[in-house]
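Working notes for the structure below.
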There are 2 protein chains.
Amino acid sequence: MPQRYSLEPVIQESTPSIIARKLRYAIAHGEVAPGSQLGEAELARELGVSRGPLREAMQRLTQEGLLVSIRNRGLFVIEMTDAEIRDMYVLRTAIESAACKLLVRADHVAAGQDLLAKVSEMEKAAGTGDRAAMSDADMAFHEHLVALSGSRSLARIHSTLMTETRMCLTVLQDSYRVTEEWIAEHRGIAEAVLGGDGPLAESRLSDHEDDALARLTSTPASVSVG
Amino acid sequence: MPQRYSLEPVIQESTPSIIARKLRYAIAHGEVAPGSQLGEAELARELGVSRGPLREAMQRLTQEGLLVSIRNRGLFVIEMTDAEIRDMYVLRTAIESAACKLLVRADHVAAGQDLLAKVSEMEKAAGTGDRAAMSDADMAFHEHLVALSGSRSLARIHSTLMTETRMCLTVLQDSYRVTEEWIAEHRGIAEAVLGGDGPLAESRLSDHEDDALARLTSTPASVSVG
DNA sequence: CGCCTGTCAATTGTTTACAATTCTAGCGCA
DNA sequence: TGCGCTAGAATTGTAAACAATTGACAGGCG
């Protein structure tokens, strides 16, 4: 059959998937506060679905670690302590470092240029002074870094980490400052990738994550994973 | 209140949790073949639960990546291609490397001795010639490595990876050979940790993972993440 | 004979209702 | 005041029924 129109296959997203995505977004953007309870009946009414699919979606988020379940009491949005945020950054640094390793072994020139483009977008966002745009650009850089590595495994883990990161950023939005230094760190990583210097890229990435972590937590990270 | 007995908090595991654990075990140990379909009605009857909690458990496994869902058709156990196994090992190496980094920054002497004890258990298992015991000991070493790091994040990801690894080992059980070299690799890692040499430990770990990967896949890994 | 199409059985997806368990809060009582 | 008990409310688990979709198969048409 001639493919006259460029038709993409119709993806029938399952209802639990849709619910999970909406809930993830709501949690990440602070529409539901950390520690607050998600009542089944209320949520089901709000979303216009029945309890079955809703519970399936909740189980997914529980598996991701975004919700904690207390039996016969309900599901609650996680509250991350400083220690847990530090621990999350350990994992995040591990994932992104691995992505860097893969990148420099592949087409690091194209990847580096791609990342530099993201840095430009960050500068643009910084120029407008829009907080949301700045953090969006920040996260876009890191998501792109992992996506360019081509690893599905890394991308999957990373996406859940970015949700948690976004949640932390939303909570501590006031303390989120974009400095020249902040953009320079990203550019440094991109340039190291461009040059194919894996160890340098990883080192800069690790330092960058430590800085980001220090901005998120009250006490500085005592042990770095870099 | 004086803690006279070392009482752990009573954890009332939810039904979906139990189901998920049982299914995970069954998949990991080859009781359900990769690619096979899991019928809701049949499984529910077999496990003695209703479809509700069963579906919730399935969603968890889907989120973990152990099952793939085809809408209106059912859930199937994943079939991993060589490329996917390689990709999984990229992630696994990233996780365990990060654990190594944490280990050498903490009490690396105690950790190293602990790991050497695991190596002894491996030798014992190798002496009996019991295939299951050998792979158990192998996986116990790696799980211990991550557990000793004290990172909940790393441990959580790693546990799902070990399930997938176990599945691969079960499928290709015949080609699983334990050699002197295999034990020596583990001892090398443990000794590097004991000596507090992070880079050496990571390097040896990476080489070890590459070897393990080469045993699992038909074609050798073209790109290492180490 | 080959291809398309309509029907049918099977399975999943969703909703609803109800029973069971457990936590919380309030009350009475020593 | 402190304790135990009880009623209410919430979640959790179960069951049944219905809707929706898929894949297969038989039959008609060119």
Side-chain angles (χ1 to χ4, degrees), chain A residues 1-4 7-23 26-27 32-79, chain B residues 1-2 7-24 26-27 32-33 35-79:
Chain A
M1 181 168 62
Q3 192 169 342
R4 293 195 290 179
L7 292 177
E8 295 178 3
V10 175
I11 43 159
Q12 284 277 24
E13 199 178 7
S14 73
T15 305
S17 270
I18 299 172
I19 300 172
R21 187 157 39 78
K22 282 180 179 290
L23 282 179
I27 293 173
V32 289
S36 62
Q37 183 173 8
L38 300 181
E40 278 191 356
E42 179 191 344
L43 258 183
R45 211 175 341 105
E46 216 167 305
L47 292 169
V49 296
S50 62
R51 279 179 51 217
L54 177 64
R55 286 177 61 85
E56 291 174 30
M58 307 268 250
Q59 289 290 334
R60 284 169 87 129
L61 297 190
T62 301
Q63 186 66 27
E64 289 179 29
L66 251 54
L67 302 178
V68 290
S69 166
I70 304 180
R71 212 183 131 96
N72 291 316
R73 284 243 287 159
L75 290 153
F76 301 82
V77 181
I78 52 163
E79 289 179 287
Chain B
M1 180 167 63
L7 292 177
E8 294 178 3
V10 176
I11 42 160
Q12 283 278 27
E13 201 176 9
S14 72
T15 304
S17 270
I18 299 172
I19 300 172
R21 187 158 40 76
K22 283 180 179 290
L23 283 180
R24 224 169 292 163
I27 292 172
V32 288
S36 63
Q37 182 173 9
L38 301 181
E40 282 187 17
E42 180 190 344
L43 259 182
R45 208 172 346 105
E46 215 167 305
L47 291 169
V49 296
S50 60
R51 282 176 62 203
L54 177 65
R55 286 175 62 87
E56 292 175 30
M58 307 269 248
Q59 290 290 332
R60 283 170 89 129
L61 296 191
T62 302
Q63 186 65 26
E64 289 180 30
L66 252 53
L67 302 178
V68 290
S69 167
I70 303 180
R71 211 183 136 96
N72 293 313
R73 284 245 286 157
L75 290 153
F76 302 81
V77 182
I78 52 163
E79 289 179 287

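The chains referred to below are lettered A, B, ... by the order of the sequence lines, with proteins before strands, and numbering in each begins at 1.
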Determine, for nucleotides 5-13 of chain C in 5'-to-3' order, which nucleotides have protein heavy atoms under 4.0 Å from the base (write B), from only the sugar-phosphate (write S), or from neither (write -). -------SB
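B/Gln63 CD to A/Ser17 OG: the interatomic distance, rounded to the nearest 0.5 Å, is 8.5 Å. A/Leu75 CG to A/Leu23 CG: the interatomic distance, rounded to the nearest 0.5 Å, is 10.0 Å.
Where DNA chain D meets chain A (any atom under 4.0 Å from a heavy atom), the bounding nucleotides read 5' to 3' are D/dT11 to D/dG13.
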A/Val49 and A/Ile18: side chain to side chain contact (heavy atoms under 4.5 Å, CB included), yes or no, with the steps? CA-CA 11 Å; A/Val49 296; A/Ile18 299 172; over 6 Å; no
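With sequence neighbours left out, the side-chain contact (heavy atoms from CB on, under 4.5 Å) criterion links A/Leu38 to A/Val32, A/Leu43, A/Met58, A/Leu67, A/Val77. Taking the side-chain hydrogen bond (donor to acceptor under 3.5 Å, both in side chains) definition, one finds that A/Arg21 meets it with A/Glu13, sequence neighbours left out.
Among residue pairs with one or both ends in residues 47-66 of chain A, those qualifying as salt bridge (Lys or Arg N to Asp or Glu O under 4.0 Å) are A/Arg24-A/Glu64, A/Glu40-A/Arg51, A/Glu40-A/Arg55, A/Arg55-B/Glu56, A/Glu56-B/Arg55; sequence neighbours excluded.
Under the 3.5 Å distance criterion, the side-chain polar atoms of B/Glu79 are left unmatched by any main-chain donor or acceptor of B/Ser36.
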